[in-house]
J.: 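Here it is, the structure in full.
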There are 2 protein chains.
Amino acid sequence: MRHKKGISDAVIERLPLYYRDLLLLRDAGIDIISSERLGERLGITPEQIRKDLTCFGAFGKKGVGYYVSELCQQIVEIIGLQQHWKIGIAGIGHLGWALANYKTFERLGFRTMGLFDVDHRIIGQNVGGITVTSSVDMGKIIREQQIQIGIITTPASVAQQVADDMVAAGIKGILTFAPLRLNVPNNIFVFREDLSIGLSRISYYLTNYSDKTDTF
Amino acid sequence: MRHKKGISDAVIERLPLYYRDLLLLRDAGIDIISSERLGERLGITPEQIRKDLTCFGAFGKKGVGYYVSELCQQIVEIIGLQQHWKIGIAGIGHLGWALANYKTFERLGFRTMGLFDVDHRIIGQNVGGITVTSSVDMGKIIREQQIQIGIITTPASVAQQVADDMVAAGIKGILTFAPLRLNVPNNIFVFREDLSIGLSRISYYLTNYSDKTDTF
DNA sequence: TAGATTGTTAATCGATTAACAATC
DNA sequence: TAGATTGTTAATCGATTAACAATC
């Protein structure tokens, strides 16, 4: 399999969509799927799907389609999910709690190994099978458990400090929900998830295209 | 202010970022900001910011920059946030709970007017000042409170039914966290928020560019 | 006036779509 | 073989970047 550098991020964002739907197809006992039918299910053009996949190799059979199980395995290797990344979550408010119990993470092979908070009412509680630890011990546990990816769901005011601590403990990638730009060494991958952008987009489209039938 | 049709979605996604940072600047008592400095703060090029804004008008002063308060107000009107959209959340698990208490939503002018669940242990509880109602009464409350935007944080298995009920009750826009394609009339705006894509992207980049310093 | 910064036009870059030859 | 569907190349479309004239 090719691992060409310089694959567009747009492609990388679509791969998990393909993968998750392929898992559903596999569970449903479907062996073969065409780009046409997969595209219908996902609302993506078949050309787009074929183009995305050929960034990494030729996984289909001409005149037939894609073998579901085979393609699952290929995408697992492309995304790197066979590694079963270990994750730690800092900030066990409701969002952190939700993520700690998020079944899709497990399904994708992510393993939650540490939950951290500063609130003594939360420390010691069992959340999704893991005991919440004091943030003071976060670095120690990240090192012990060899956690590679950190999720930050703390208030924005402490997010930078948490990121610094995670980086110091050896974390390589961070997914943050705090609405601010984190300062990290440039060998660390940071992605920001912004829950308010979606609502803002809806507001924009409702305001400016309010009768959709007229414009589409 | 111009409201040109056909503005790119990429632009629409950046507007809330500008807006939120402008609010911070305003709170800090800063009156004027250049695209250069705003770009530094956000990690966006100044050219990009200027280009985005000129889709809607000429809000800056040449040789000076942008007046923070004025630009805030302009963006509020572009996104349509002056409307104070009323929102309802279906599925008050931890994610729904987190969103019901999400301060950024309030800050942007969204008003949570209804919380709905099927679980009798949750119905009747006060979450962020709102009493959780049975999903059975969702349609009635959406109509009574004139809720315009729905957020779906239910399990995927019931998300379509919830969406159908929301649409039947007159909701115009839906933000869904369920990892599946919702079927709705095409005059309804649906945006999907996918919490697992961020982790998958991190997995991809850690796998394929593991020593970032070599490649960037 | 001189320096700074916008708004706009042109150039570049990249991503999506279309078309079709290859082949199962 | 005939029909179907991929993989790939070419064409189009759109978004970002660069350059600079306008002007505060």
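Reminder, nothing fancy here: chain letters follow the sequence lines and each chain counts from 1.
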J.: Using atom CG of B:L38 as one end and atom C1' of C:dA4 as the other, report the distance to the nearest whole Å.
T.: 17 Å
J.: Mind calculating the distance between CG (B:D52) and P (D:dG14) to the nearest angstrom?
T.: 17 Å
J.: Choose from D:dC24, C:dT6, D:dT6 the nucleotide whose nearest atom is closest to any side-chain atom of A:S35.
T.: D:dT6
J.: Using whole Å, report how far CZ of B:R50 lies from P of D:dA15.
T.: 19 Å
J.: Indicate, with yes or no, if the rings of B:Y205 and A:F191 have centres closer together than 6.0 Å.
T.: yes
J.: Kindly compute the distance separating CD (B:E193) from CD1 (B:I152), expressed to the nearest 0.5 Å.
T.: 13.0 Å
J.: What's the NZ-C1' distance between A:K62 and C:dC20, to the nearest Å?
T.: 11 Å
J.: Applying a 4.0 Å non-hydrogen cut-off, can you work out what A:R37 is touching in the nucleic acid: base, sugar-phosphate, or nothing?
T.: nothing
J.: Check the distance between C:dC13's P and B:Q48's CD and give it to me in whole angstrom.
T.: 16 Å
J.: Between C:dT5 atom P and B:I33 atom CD1, what is the distance in whole Å?
T.: 11 Å
J.: Looking only at side-chain N and O atoms, does B:Y66 come under 4.0 Å of OP1 or OP2 in C:dG7?
T.: yes
J.: Using atom NZ of A:K51 as one end and atom C1' of D:dT6 as the other, report the distance to the nearest whole Å.
T.: 14 Å
J.: Quick one: is D:dG14 close enough that its OP1 or OP2 comes under 4.0 Å of any side-chain N or O from B:S8?
T.: no
J.: Do the side-chain N and O atoms of A:Q73 and A:E77 include a donor-acceptor pair separated by under 3.5 angstrom?
T.: yes
J.: Find the distance between CD1 (A:I33) and CD (A:E40) and round it off to the nearest 0.5 Å.
T.: 8.5 Å
J.: Could you tell me the separation between the CD atom of B:E47 and the C1' atom of D:dT16, rounded to a whole number of Å?
T.: 9 Å
J.: Are A:R14 and C:dT16 close enough that a side-chain N or O sits under 4.0 Å from OP1 or OP2?
T.: yes
J.: Please figure out whether B:G65 or A:A10 has its closest DNA chain C nucleotide nearer the 5' end.
T.: B:G65
